[in-house]
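What follows is a set of notes on a single structure, which appears directly below.
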Protein chains: 2
Amino acid sequence: MSAHAHRELTKNQALVFGSLSDAGGPLTAYAILDLLREDGFRAPLQVYRALDKLVEFGMVHRLESLNAFVACSHKDCTGHGSAAFAICEKCGDVREFTPDDAVGLLKNWTESQGFALARTTIELRGTCKGCVASG
Amino acid sequence: MSAHAHRELTKNQALVFGSLSDAGGPLTAYAILDLLREDGFRAPLQVYRALDKLVEFGMVHRLESLNAFVACSHKDCTGHGSAAFAICEKCGDVREFTPDDAVGLLKNWTESQGFALARTTIELRGTCKGCVASG
DNA sequence: CTGTTTATGTTATGTTGTAACACAGATAGC
DNA sequence: GCTATCTGTGTTACAACATAACATAAACAG
């Protein structure tokens, strides 16, 4: 059982996380809302409030450059290092990875500047291997 | 004379770039629109179209996590490496820097995956030196 | 001088995200 | 039991960010 399940999610949080897990890729908040209308969701705030908590828990990541959200691909997201994302602009696939070496260098820079780092956003846009091959 | 000026900007592009340069920090498209109403701007598209070109030219960067835009801090932006940004959540200050070492490691990862990298987004959130000291 | 490309102006609309207020359920302390 | 508080929820309305579609004009190559 994944560490995610250790946390007691509320009903709405579980529904939203389930949508993202089932999707296997990024969804916008409004896409989630549409998926959950049959479960009683009526308004964007129901989605955004659940997403806020899930992001806080580390179970969901926000993709700033897509205005979308994705379930963390790790079994246990809490406490892992900063995530990065490779986003294919052809097929929309998103690969999460953890570039500890690159993040370490960025941390070195922030420390040298006296900048107290709270959160990193690293998003790489391009074309994935499959789409390069077929395109 | 900076390399930026080498390029012949259209009237709207020059107005938008001037706003961002004068601001010395990030502005949203609608903030730019309000600044330029006295110059005849009436609609968001006038701003977005100019921003699209300025970003394409490398003279302006988009900050994905702020939905805002900032003039490149380099004299000659064309052709320089990928930029990164340290964004202070207290005072809103944005520092642009060029972490070639970290970007190099990210490129190594993409190459090992067969991912054709087109563009990197690196945005660091936290508290700048001044705000750490005063807070 | 005509076809093409690029920039522009304008209206309307689409997409993403929050404010404000009301209510329900759990629970800790008296 | 009772009430204070905290968290989650439901709903309406709205704010903020971005683009579609269509029309006009200026620049320029052939």
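Order of the sequence lines sets the chain letters (A, B, ...), proteins ahead of strands, with each chain counted from 1.
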Please tell me whether B:Ile32 and B:Leu63 are part of a single hydrophobic cluster in this structure, the criterion being side-chain heavy atoms less than 4.5 Å apart.
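Looking at the clustering, B:Leu63 is in a separate group from B:Ile32.
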
Can B:Val70 be reached from B:Ile87 by stepping across I, L, V, M, F, W or Y side chains whose heavy atoms are under 4.5 Å apart?
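Per the 4.5 Å side-chain linkage, B:Ile87 and B:Val70 are co-clustered.
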
Applying side-chain contact (heavy atoms from CB on, under 4.5 Å), name anything that partners B:Arg62, two or more places apart in sequence or on another chain.
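With neighbours one apart ignored, the set is B:Glu64, B:Asn67, B:Phe69.
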
In this structure, how many angstroms lie between the [atom2] atom of [N] and the [atom1] atom of [X], rounded?
{"X": "A:Leu54", "N": "D:dG8", "atom1": "CG", "atom2": "P", "answer": "11 Å"}
{"X": "B:Asn12", "N": "D:dA26", "atom1": "CG", "atom2": "P", "answer": "14 Å"}
{"X": "A:Leu9", "N": "D:dT7", "atom1": "CG", "atom2": "P", "answer": "17 Å"}

Can you name the atoms? Protein N/O to nucleotides 14-16 of chain D N/O, anything below 3.5 Å, with the distance.
none

Which one of B:Arg95, B:Glu96, B:His61 satisfies the side chain to side chain donor-acceptor pair (under 3.5 Å) criterion with B:Ser73?
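Exactly one pass, corresponding to B:Glu96.
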
Side-chain N or O of A:Lys11 less than 4.0 angstrom from OP1 or OP2 on D:dT9?
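No, A:Lys11 has no side-chain N/O under 4.0 Å of OP1/OP2 on D:dT9.
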
With side-chain contact (heavy atoms from CB on, under 4.5 Å) as the criterion, how do A:Arg119 and B:Leu124 come out once you've worked through the C-alpha distance, each side chain's angles and the decisive distance to 0.1 Å?
CA-CA 6 Å; A:Arg119 188 164 65 82; B:Leu124 310 181; over 6 Å; no

Please report the C-alpha distance between B:Thr120 and B:Leu106 in whole Å, then the side-chain angles of each, then the deciding distance to 0.1 Å, and finally whether the side-chain contact (heavy atoms from CB on, under 4.5 Å) criterion is met.
CA-CA 9 Å; B:Thr120 67; B:Leu106 292 171; 5.6 Å; no

Pairs involving residues 37-56 of chain B, ordered by first then second residue, that meet side chain to side chain donor-acceptor pair (under 3.5 Å) (sequence neighbours left out):
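Listed by first then second residue: B:Asp34-B:Arg37.
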
Outermost nucleotides of DNA chain C that come under 4.0 Å of a non-hydrogen atom of chain A
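Listing 5' to 3', DNA chain C meets chain A from C:dT16 to C:dA20.
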
For DNA chain D, whose closest nucleotide is more 5', that of B:Ala68 or that of A:Thr10?
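Nearest-nucleotide comparison on DNA chain D picks A:Thr10.
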
Residues A:Phe85, A:Ile122; criterion side-chain contact (heavy atoms from CB on, under 4.5 Å); working and verdict:
CA-CA 6 Å; A:Phe85 304 90; A:Ile122 301 177; over 6 Å; no

Tell me if a side-chain donor or acceptor on A:Gln13 pairs with a main-chain N or O of A:Thr10 at a distance below 3.5 Å.
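It does hold such a pair.
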
Let's see if you get this right: which residues in residues 35-52 of chain A place a heavy atom under 4.0 Å from DNA chain D?
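By residue number: A:Arg42, A:Ala43, A:Leu45, A:Gln46, A:Arg49.
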
Pairs involving residues 123-135 of chain B, ordered by first then second residue, that meet salt bridge (Lys or Arg N to Asp or Glu O under 4.0 Å) (sequence neighbours left out)
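For residues 123-135 of chain B: B:Glu89-B:Arg125.
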
I want to check something: taking the side chain as every heavy atom from C-beta on, are B:Leu9 and B:Leu54 in contact at a cut-off of under 4.5 Å?
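Yes. Closest side-chain heavy atoms under 4.5 Å.
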
